[in-house]
Amino acid sequence: MAAVLVLLEVFWAQTSALNTFVLREPGSNYVTGTMTIHNEEHVVDVHVRSGVYSSDTIFDYSRGYIATRLFSRNACFIMKIKKEYIPELREIGRLAFEKQTMKDVYSPNNVWTLFQTGSSVLGHLKDWILYGKHIEKLCSGLPLYQLTATEPQENTDGCASAGIPSILGLNICEQLIATGS
């Protein structure tokens, strides 16, 4: 009977139009943020409040982009959703549900990205048409940086963390330019 209830709960979580999850600090009960999945719009909206690590992130699966607003850098970072790095919407929902009910779910999903300092642009109409209304609402008026996926960095001094705590880490690192001396 319990197994049937769990299966019904999983099915409901994946098919209902709107699901909100509380994100807790790993190893504690401290709430660091919330994640809302808008299944009908194919959008995940994440709000993390953790001091200097605070961020808002939009995963817009219908447009194929992720945008993260890092409050410490007062900028938006945008990356194309690639299946080899970013789990599908259903998988994110499943991981969030498991994390909320079982508490000890480990997700190996950790994406490392780079951005080029000085390469930002302010969003224009053509950008918002490409990225969509959800990302426009998040990033309007802020410098936009394009992110590229990379290997894990040895030196993480210029990196910031965002994404979905304990589900999908998004490490945003400043690309260092080698200068000839």
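Not measured: the values here are computed from a predicted model. Residue numbers run from 1 in the order of the sequence given. Scope of the values below: all heavy atoms of this structure, side chains included, with no hydrogens, waters or symmetry mates.
Following chains of ILVMFWY side-chain contacts shorter than 4.5 Å, one can reach L170 starting from F115, so the two form part of one hydrophobic cluster. Under the 4.5 Å side-chain heavy-atom criterion for Ile, Leu, Val, Met, Phe, Trp and Tyr, I81 and I37 are members of the same hydrophobic cluster. Grouping the Ile, Leu, Val, Met, Phe, Trp and Tyr side chains by contacts below 4.5 angstrom, directly or via other members, places Y145 with Y85. Neither V43 nor V46 shares a network with the other; the hydrophobic side chains, linked directly or stepwise wherever heavy atoms of I, L, V, M, F, W or Y lie under 4.5 Å apart, form separate groups for each. I86 and L138 fall into different hydrophobic clusters, defined by Ile, Leu, Val, Met, Phe, Trp and Tyr side-chain heavy atoms under 4.5 Å apart, directly or through other members.
Side-chain contact between N171 and S161 is present, with at least one heavy-atom pair separated by less than 4.5 Å. Residues I172 and L70 meet the side-chain proximity criterion, which asks for heavy atoms closer than 4.5 Å. T150 places none of its side-chain heavy atoms less than 4.5 Å from the side chain of C173. Side-chain contact between M35 and I92: present, with at least one pair of heavy atoms (C-beta onward) separated by less than 4.5 Å. Residues I78 and Q146 form a side-chain contact, since some pair of their non-hydrogen atoms from C-beta on lies under 4.5 Å apart. With contacts defined as side-chain heavy-atom distances shorter than 4.5 Å, the pair M79/V111 qualifies. When side chains are defined from C-beta on, T57 does not count as touching I164, because their heavy atoms never get closer than 4.5 Å. Counting heavy atoms from C-beta on, the side chains of H38 and H134 never come closer than 4.5 Å.
Taking OG1 from T148 and CD from Q175, the interatomic distance works out to 6.0 Å, rounded to the nearest 0.5 Å. Taken to the nearest 0.5 Å, the OG1 atom of T36 stands 9.0 Å off from the CG atom of N19. With rounding to the nearest 0.5 angstrom, the CG atom of L125 is 11.5 Å from the CG atom of L130. One finds the CD atom of E174 at 11.0 Å from the CG atom of N155 (value rounded to the nearest 0.5 Å). F59 contributes atom CZ, which lies 6.5 Å from atom OG1 of T68 (distance to the nearest 0.5 angstrom). Note that CG of L144 and CD1 of I135 are 9.5 Å apart. Values are rounded to the nearest 0.5 Å.
Closest heavy-atom contact between C159 and W112: SG-CZ3, 4.1 Å. A pairwise comparison of heavy atoms in G123 and W128 identifies CA-CZ2, 3.5 Å as the closest pair. For the pair K80 and R63, the tightest heavy-atom approach, listed with the atom from each and the gap, is NZ-O, 4.2 Å. Taking each heavy atom of S62 and E41 in turn, the nearest pair found is OG-O, 3.7 Å.
Remark: H42 pairs with no residue by the side-chain hydrogen bond (donor to acceptor under 3.5 Å, both in side chains) rule, at least two apart or across chains.
Taking the six-membered ring where tryptophan is involved, the planes of Y131 and Y65 are perpendicular, since the angle between them exceeds 60° and thus also 30°.
The backbone N or O of S55 sits less than 3.5 Å from a side-chain atom of R49, completing a donor-acceptor pair. Between the side chain of T113 and the backbone N or O of A149, no donor-acceptor pair lies under 3.5 Å. Between the side chain of Q153 and the main chain of E151, a donor-acceptor pair closer than 3.5 Å is present.
Around CD of E154, the count of heavy atoms belonging to other residues, nucleotides or ligands within 6.0 Å does not exceed 12.
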